[in-house]
Amino acid sequence: FEEIREEQQTTPAALSAGIWLAEKMRREGNHIQTIEQYLWLASRFPSHRLAWAFHLVAAEALYSLKQTDRAVKQYE
């Protein structure tokens, strides 16, 4: 999935692969990778109907790491 995401960055396949990878990291409790994956999604697909959720999940992971200032920016 990482290969698809990197090679086809703005395609529907990359979006699906990115969501799968991000959710995998979230379920594993890997907050740093969760932040990275969801911010990647938010930056590549800013007009997607779930863009707000990408920011929300990144903010929650940041908050879990006590990065409240950065979390606030994602909540906005």
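These figures come from a predicted structure and were not determined experimentally.
Under the side-chain hydrogen bond (donor to acceptor under 3.5 Å, both in side chains) criterion, His55 pairs with Gln74, not counting sequence neighbours. Under the rule for a salt bridge (Lys or Arg N to Asp or Glu O under 4.0 Å), the partners of Glu23 that lie at least two apart in sequence or sit in another chain are Arg26. Every side-chain contact (heavy atoms from CB on, under 4.5 Å) that Thr11 has, sequence neighbours left out, goes to Gln8, Ala13, Ala14.
The shortest non-hydrogen separation linking Pro46 to Ala51 is O-CB, 3.4 Å. When all heavy atoms of Ala58 and Leu39 are compared, the closest pair comes out as CB-CD2, 3.8 Å.
Residue pairs meeting the ring-ring contact (aromatic ring centres under 6.0 Å, His included) criterion with at least one partner in residues 3-35, sequence neighbours excluded, are Phe1-Trp20. A salt bridge (charged side-chain N to carboxylate O under 4.0 Å, His left out) check over residues 28-52, counting only residues at least two apart or in different chains, returns the pairs Lys24-Glu28.
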Throw together a table of side-chain donor-acceptor distances under 3.5 angstrom for residues 61-69, partners on residues two or more places apart or in other chains.
from  : atom 1 : to    : atom 2 : distance (Å)
Ser64 : OG     : Glu60 : O      : 3.1

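The CG atom of Asn30 sits 9.0 Å away from the CD atom of Gln37 when rounded to the nearest 0.5 Å.
Taking Ile, Leu, Val, Met, Phe, Trp and Tyr as members and joining any whose side-chain heavy atoms lie under 4.5 Å apart, directly or through other members, the hydrophobic cluster of Leu50 also contains Leu15, Ile19, Tyr38, Trp40, Leu41, Phe45, Trp52, Phe54, Leu56, Val57, Tyr75.
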